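Report on the following structure.
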Amino acid sequence: MNDHALTLLVLLPAAAACAMALVPKSAGGAAKKLTLATTALVALIAWSLAFDGRAGGAGLSHIVSAPWIPSLGVQFFLGVDGVSLPLVILTASLSFLAALASLGVERHPRGYCALLLLLQTGMLGVFLALDFVVFYVFWELILVPMYLLIAVWGGDGGRRAALKYFIYTLAGSVLMLGAGLLLYGQSDLTRLAPADLAECGVMGPDAAKPHASGMVLAEWLASDDPLAERYVDAEAAGAPLRTFNLSAMARLARSTDVFTSKSWGGHNLAWWAFVLLAVGLAIKLPAVPLHTWLPDAHTEAPTPVSMLLAGVMLKLGGYGLVRIAWPVCPEAARDLAFVVAVVGVVGLFWGALAAMAQTDFKRLVAYSSVSHMGYVLIGLAAGTLGADAWALGATGAVFQMVAHGVTSAGLFFAVGVIYERVHHRDLNQLGGLMNRMPTASGLALVLALASLGLPCLCGFVGELLVLLPAWTFNPYLAAAAASVTVLIAAYTLRAVRLAYYGPEYRGPNGDRLTPVTPRELAVLIPLAVAAVVLGVRPGIVTEVAEPALVAAGQPFAHPHPNLPGMTPVADAADARRTTR
Amino acid sequence: MLPTLVEQLANDTAGLSLPRSAPEVTLVVTIVALLLARVPAALRRIDPVWIALTGALVALGCLLGEARGGLAAIEPVELFTGMLRHDALGVFSRGLLLMFLVMMVVLSKLTGLASRDDGQDFFVLLFGATLGMCVMCRANHLMTVVLGIEMASVPSYVLVGIVKGRRRSGEAALKYSVYGAAAAGVMLYGVSLLAGLLGSVHLPTLGLRLAELQVASLAGDPSQRGVIMALALAGVLVLVGMAFKLSAAPFHFWAPDVFAGAPAEVGAFLSVASKTAALVLLLRLVSLVLPHGVSVDAALPGEGVSRLAAMSDAGPAAPARAFVVGLIATAAAVTCTLGNLAALSQTNAKRLLAYSTIAHAGYLLMPIAAAIALAEHDPAGASGAAAAVMLYAAGYLFLNFTAFAAVAAIRNTRGAETIEDYAGLIRTAPVTAVAFCLAMIGLLGLPPLVGFWGKLAALRALVDAGGPWMVMLLVVAVLNTALSLVYYLRVVKTICLDAPPEDAGVERPERPTRLLLAVGAAPILLLGIAPEWLARLAGEACQGLFG
Amino acid sequence: MILASLVTEPVGVAHYLIVGAVLFIAGIVCMATKRNLLGVLMGVELVLNGANVNFIAIGSPYLRGDAASVGLDGQLMALFVIVLAAAEAAVALAIALNFYNTVHTIDVDAADQLRG
């Protein structure tokens, strides 16, 4: 039986977006209330998944597996595990907060709300999809709404920024499509062991539950599932049964050599697929030098859209790397780990240095996003060392994604609070806001310190978990990454000092600095609380994510002897010794 | 001797062939009715569109009757002593063509192209061209190949110039007819060479003869070099004619001028119907003439199904197959790149759509190359690749129809055809604007619109085939999709983001036109979300095509 | 040389094919180089007739022997091509007349308003 929670999660916002057409043109308030209600409902369902004992953990749960387009081999396959659950909850919560923040939109509210809801469908769908084509469809679903949101409701440079965003992201996604098709072409379900076949959801949602009976394969083959018939035919003919199922691809990479047997140009297919995937997803992450779309897009987008852009959209790239690139192409990930780590460190420095030079508050926060996502790359790269390294590094990367989602969304909203009042974001003309708006400034300070990486707040945990295996991976890179914290502190504290501290506010529109409204508090307080709670009790995320990540990272459990930049390590025990 | 022959022919025609050609007969009857209805004064008062619409609907109904019981149940049968081949692909493609004919009749009435007084000229030409395309879709004999192409092309020449008094229309018609006649002549010469070399004009028999020729062994023999070269020349010349019809490089140069000069409705017709028929014809040519290893007994033409005999395991015509794959793959790659690059700088909407048509012809040729490559060792995969072509073409039908219909509607309300003139359309004519934007984004190939599924199926076919040509095509297709973003998005941006001109006012098209646009645009979204129905139909249509 | 042997041999298919090829090439050159529209159309007719000669030749049982010839199909195709050529010429001339009515010349270079 298919569990309907995930289908609801994905389809509710889309249905509400369609219903927006029924709302009369003049009733903008009704549209915004409908959006608020829908996002609240979706957030409730997402949080209920967290408290449901089944979700999280190593295996997939709440599986939805229905044939969508059997003629093209596409299965509507959704599922949640420990990696996607925190991100799903983050998305649902941030969407609700963004809907709260959108209550002030005046122009074309119906269109705005419909596009925002479509955006939510796309984002949730990406995190829940376990079939490559479904993943891609939801990924691309985000493009046009985001383009229109930035171009129509954004700032003056909105059109150029939106165009840049669209071009970069589409280029990345077609690379991803190419990689997905290459992997599809070499996949072969008939080579999977029955236990793997059950666990990756091919045989339907019941078989994938843990403790399923051992006779499941024979039952499934005898059933009238069209996929089972094709399996039987393929096995009889000795032909491959290709699949888009991501979970199956990961298991194939683990237990067979379907992806590594063919080679062109000196590298096997998995290597090429990894390069394509990494470049395509790195555009979204974003990794330097493919990040140039981000500052413009984040700065020009309206505040709620910036919150979603920085809070969720960037995580799609990281999630893609963890879900697809690393599990399906583990040797390539190992071989190229050094390159990935260097790109991460360069991104850290670049973002931090660029942020130091900014006078526009929003642009500064945008560059800080570029900088913080570098940790994700470092964590994933360093994790390829061995089982312990992976447990630390990958968990750190996922935690960093969640933490950054919280803090950057909060910071963008804080900037939005200021902008809505004084209509400028020039740091040199801000100041003294702590006196005029103490609550908002205090909450913004908490979020800024969390972004900074202060211990006891969420930013610290992610950085720590990532830097630990990085030291074993390559001490120089780790030292460089650690030293960036100084730069991050520099620009964050500078921004906070210029914006909030100081004797008084001398910029334009000073009389508009009204105290913070309850609606704005309703957005800022949960984010600040989350930043503190995640910092004090990171186990909320790590305990959920780690089992799934460890299961996915089995290929990395055997340390690779020939990583550049370090002495060979014999086994996991050695790795632990070196870390200490 | 003669009486039995006559009796046999009469039985074949009346019993076997005519019942399965009911749609074509209906089209002929409609043409005659349209012409004769101008003669008596009483009938002259009837608007010819009603006759045309009735005829088209009856033809579509006859076709749906043929498809009763499902496409998979249709057994391949040769009609008219081997001239036509009645099978699932013929039914599916004619279904697309006839449905498009109905949409065209409605569109040309609503936009005023087919007026009350001389609409019958337009409809006669439209029906005649569609009749030719139906013949192309079922061609089984070199004569019906040539006849079909000519029957489809010659009325199109006139349709392009149907708007009298405009210099650009006359010029476009002139260019189209001259280039078209040249291409048809070249193709005919190639057909004559092919028939002479292989000693037959019946397509399945040609395949048999090509297999018997043992091209693989001939290629190594220097004294037979002449035969190989003549065969290659014949193949190239035939493909030249097909490339012209498909607007594939390097024979695509007619398309921008012709589309710019012709009215937008005729552009829709040319870019959709003509292309679909040409694709089906190309599929028939490559599946029947290039033999593949299927072990069945050969039968004489006209006695039911003709199939091909098995020769050696490796495929007797492997060099011929490789040659054709290389040609089509190169043409596909060059076409889609040229089309996309040239479209980047266009300002006229119809010219932009013409280059978009050229680019999509490139994408459509890619799975055909994959099908030929797969046919040797994986007939089911080759049929799957052919199904990808048909799925893409079916989706493309709605996309291009909506795009050209929107251009026609805007031409009537705003009187302009450059992209800048579409500024702010979303505010003044929202239904038209949304339909046009859906078509643009669908042509780009973004999910969840129908264009994506055709593209995914085509790319899947390329991956299934494997090999260096296919990987090159995959890379080219993927890069071109990203490239085409620029011009499709430019149109969407102008429509949605730019401010409308001050003198625009309320200029929405009439309600029936808006309804037609919605009917054309709705499948783009609906089939995008639930394409399984169409994909399965396309799969059933092409099953057994490659044996 | 092939051509030398063709001169001495009795008339066979090859001779007809050469004639057809000559007509074809002449037609192509005519279409490509003539500035007068009617000249271009004459080139089209030449091409189609070149193909016709081919069809008749390959369809003749006397020239190739029953087994290898295409038989009646060749002559049938030639007849149909003649009809096709006539229809196409009629339409092309009508289009040329329409062009003349607006531009008042049948010089093909005058068709320059639409540029590729």
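Chain letters run A, B, ... following the sequence lines, proteins first, then strands; residues in each count from 1. Heavy-atom basis, side chains included; hydrogens, waters and symmetry copies ignored. Quick caveat, the model's predicted, so the values are computed rather than measured.
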| task | Answer yes or no: does atom CZ of B:F80 have more than 12 heavy-atom neighbours from other residues, nucleotides or ligands under 6.0 Å? | result | yes
| message | Just verifying a value: how many Å separate C:N52 CG and B:S192 OG, rounded to the nearest 0.5 Å? | response | 9.0 Å
| Most heavy-atom pairs under 4.5 angstrom with chain B, which of C:L46, C:N98, C:N54? | C:N54
| message | With rounding to the nearest 0.5 angstrom, report the OH to CD1 distance, B:Y157 to C:I95. | response | 8.5 Å
| request: Check each atom of C:N101 against the heavy atoms of chain B and say whether the ones under 4.5 Å are side chain, backbone, both or neither. | output: neither
| query | chain B heavy atoms under 4.5 Å from C:M31: which part of the residue, side chain, backbone, both or neither? | reply | side chain
| message | Let me confirm one number: the CZ-CG distance from C:F24 to B:L193, rounded to the nearest 0.5 Å. | response | 8.5 Å
| message | Around atom CG of C:L93, are there more than 12 heavy atoms from other residues, nucleotides or ligands closer than 6.0 Å? | response | yes
| Residue part contacting chain C, namely of B:V186, when any heavy atom lies under 4.5 Å | both
| message | What part of B:S177 gets within 4.5 angstrom of chain C, counting heavy atoms only: side chain, backbone, both, or neither? | response | side chain
| note | Honestly, the part of C:V83 sitting under 4.5 Å from a heavy atom of chain B is neither
| query | OH of B:Y189 to CG of C:N49: how many Å apart, nearest 0.5 Å? | reply | 12.5 Å
| request: Please step through side-chain contact (heavy atoms from CB on, under 4.5 Å) for the pair C:F55 and B:L188, ending with a clear verdict. | output: CA-CA 10 Å; C:F55 276 122; B:L188 189 65; 3.9 Å; yes
| task | Quick one: pull up CG in C:D73 and CE in B:M143 and give me the separation to the nearest 0.5 Å. | result | 7.0 Å
| said: For the interface with chain C, which of B:L174, B:V158, B:V201, B:N348 has the highest count of heavy-atom pairs at distances below 4.5 Å? | reply: B:L174
| Portion of C:A21 that has a non-hydrogen atom of chain B nearer than 4.5 angstrom | both
| request: With a 4.5 angstrom heavy-atom cut-off, could you sort out which part of B:A172 is near chain C: side chain, backbone, both or neither? | output: both
| message | For the interface with chain B, which of C:A78, C:G20, C:A85 has the highest count of heavy-atom pairs at distances below 4.5 Å? | response | C:G20
| query | For C:L76, is it the side chain, the backbone, both, or neither that has a heavy atom closer than 4.5 Å to a heavy atom of chain B? | reply | both
| query | If you measure from CD on B:E150 to CZ on C:F80, what distance do you get to the nearest 0.5 Å? | reply | 13.0 Å
| What are the two closest heavy atoms between C:I58 and B:A195, and how far apart are they? | CD1-CB, 3.7 Å
| request: State, to 0.1 Å, how close C:L48 and B:G185 come at their nearest heavy-atom pair, and which atoms those are. | output: CD2-CA, 3.9 Å
